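Atoms considered below: every heavy atom in the structure, side chains included; atoms not considered: hydrogens, waters and symmetry mates. Here the structure is a predicted model, which means the values were calculated and not measured. All chains are named by letter (A, B, ...) in the order of the sequence lines, taking the proteins before the strands, and each is independently numbered beginning at 1.
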2 protein chains.
Amino acid sequence: MAVHKKEEFSVKEQNLAAFAKAISHPARIAILSVLAKRNQCICGEIVEVLPLAQSTVSQHLKELKNAGLIDGETDGPRSCYCINWKAFEKFNTDFNSLFEKLKEANAKCC
Amino acid sequence: MAVHKKEEFSVKEQNLAAFAKAISHPARIAILSVLAKRNQCICGEIVEVLPLAQSTVSQHLKELKNAGLIDGETDGPRSCYCINWKAFEKFNTDFNSLFEKLKEANAKCC
DNA sequence: CTGATTCATCGTAAAAAAACGATAATAAAA
DNA sequence: TTTTATTATCGTTTTTTTACGATGAATCAG
């Protein structure tokens, strides 16, 4: 029990799920929101705004970066992050391509 | 350690994160995809298609229903599900309203 | 060079998620 | 009424996530 079954789904499904997972926590939504407003900012500014410890924020940033949603580069002793808009566009495209199919049917359940 | 901090974020952020969490597993993406194609179907049909046990699929369906992404009603001994398209539209709206703000800036990191 | 700042990483603990088998509940069929 | 088919729920185990403090690494200021 508790075996990994994620690999048995299609790559597209896995990618979409991975993106969704990246934004599936309010803290990460908040981080993205800050980045969207300020265009770019350093880790410390984000820590100031969020109700979380520095190490926790750093962890969330890492996850967002691993998922490809943000870019980051170190600038002296600090780290500067910004949103990777291309990744968001790809998400929108994939998301729609999965669900646009029968939208016009406007199904009523059973 | 391990304290719930989710409540300390805005309602909008929490809702968006909850939606994303619902679609953050490939099995649930696959379920939604099946429903989108077939308009509606019963639990058993989904179980046939997925590489998961019946109880696991039922659990995923419950999560999707709790998140408001699908509707379901029992039809005799079986349960019929379909997609709640309104919920998807709301997600799209909220998603864009959070992130559309600075898109034109096309930021380059630092 | 020393000290201060800034951030990432490590270790750890608690909570939640994922998966299954077994069992209960429900309604149709016999 | 008894059986059968279908689905939901319960109990359990393993894994993953969330969160923190403490420690390290890197750079700037003095």
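- Atom CD of Glu48(A) and atom SG of Cys43(A) lie 10.5 Å apart (nearest 0.5 Å).
- In this structure, the side-chain contact (heavy atoms from CB on, under 4.5 Å) partners of Asn66(A), at least two apart in sequence or on a different chain, are Lys62(A).
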Report all side-chain donor-acceptor pairs from residues 50-59 of chain A shorter than 3.5 Å, counting only partners two or more places apart or in another chain.
none

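- Taking atom CG of residue Leu61(B) and atom P of nucleotide dA8(D), one finds them 7 Å apart after rounding to whole Å.
- Arg78(A) places its CZ atom 12 Å from the C1' atom of dA29(D), with the value rounded to the nearest Å.
- The ring pair (Phe, Tyr, Trp, His ring centres under 6.0 Å) analysis of residues 20-57 of chain B, with sequence neighbours excluded, yields the pairs His25(B)-His60(B).
- As a whole-Å value, the separation of Lys62(B) NZ from dA19(C) P is 16 Å.
- Listed by residue number, there are no residues of residues 14-27 of chain A with a heavy-atom contact under 4.0 Å to DNA chain C.
- Between Arg38(B) and Glu45(B) a salt bridge is recorded (basic side-chain N to carboxylate O distance below 4.0 Å).
- In this structure, Glu8(B) places its CD atom 13 Å from C1' of dT18(D), rounding to the nearest Å.
- Residues from residues 44-60 of chain B with heavy atoms under 4.0 angstrom of DNA chain C, sorted by number: Leu52(B), Ala53(B), Ser55(B), Thr56(B), Gln59(B), His60(B).
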side-chain contact (heavy atoms from CB on, under 4.5 Å) between Asn84(B) and Leu69(B): does it pass, once the steps are laid out? CA-CA 5 Å; Asn84(B) 180 346; Leu69(B) 298 199; 5.9 Å; no

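- Relative orientation of the Phe95(B) and Phe91(A) rings is tilted, given thresholds of 30° and 60° on the angle between their planes.
- Within the structure, every side-chain polar atom (N or O) of Tyr81(B) is placed at least 4.0 Å from both OP1 and OP2 of dT6(D).
- In this entry the distance linking CD1 of Ile29(B) with C1' of dA18(C) reads 16 Å, nearest Å.
- A ring pair (Phe, Tyr, Trp, His ring centres under 6.0 Å) check over residues 29-58 of chain B, counting only residues at least two apart or in different chains, returns nothing.
- In this structure, Lys5(B) atom NZ and dA14(C) atom P are separated by 16 Å, rounded to whole Å.
- Between His4(B) atom NE2 and dA13(C) atom C1' the separation is 15 Å, expressed in whole Å.
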For Ile29(A) and Phe9(B), what are the C-alpha separation, side-chain angles and deciding distance, and is it a side-chain contact (heavy atoms from CB on, under 4.5 Å)? CA-CA 9 Å; Ile29(A) 301 263; Phe9(B) 295 89; over 6 Å; no

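- Residue Ile42(B) contributes atom CD1, which lies 14 Å from atom C1' of dA8(D) at whole-angstrom precision.
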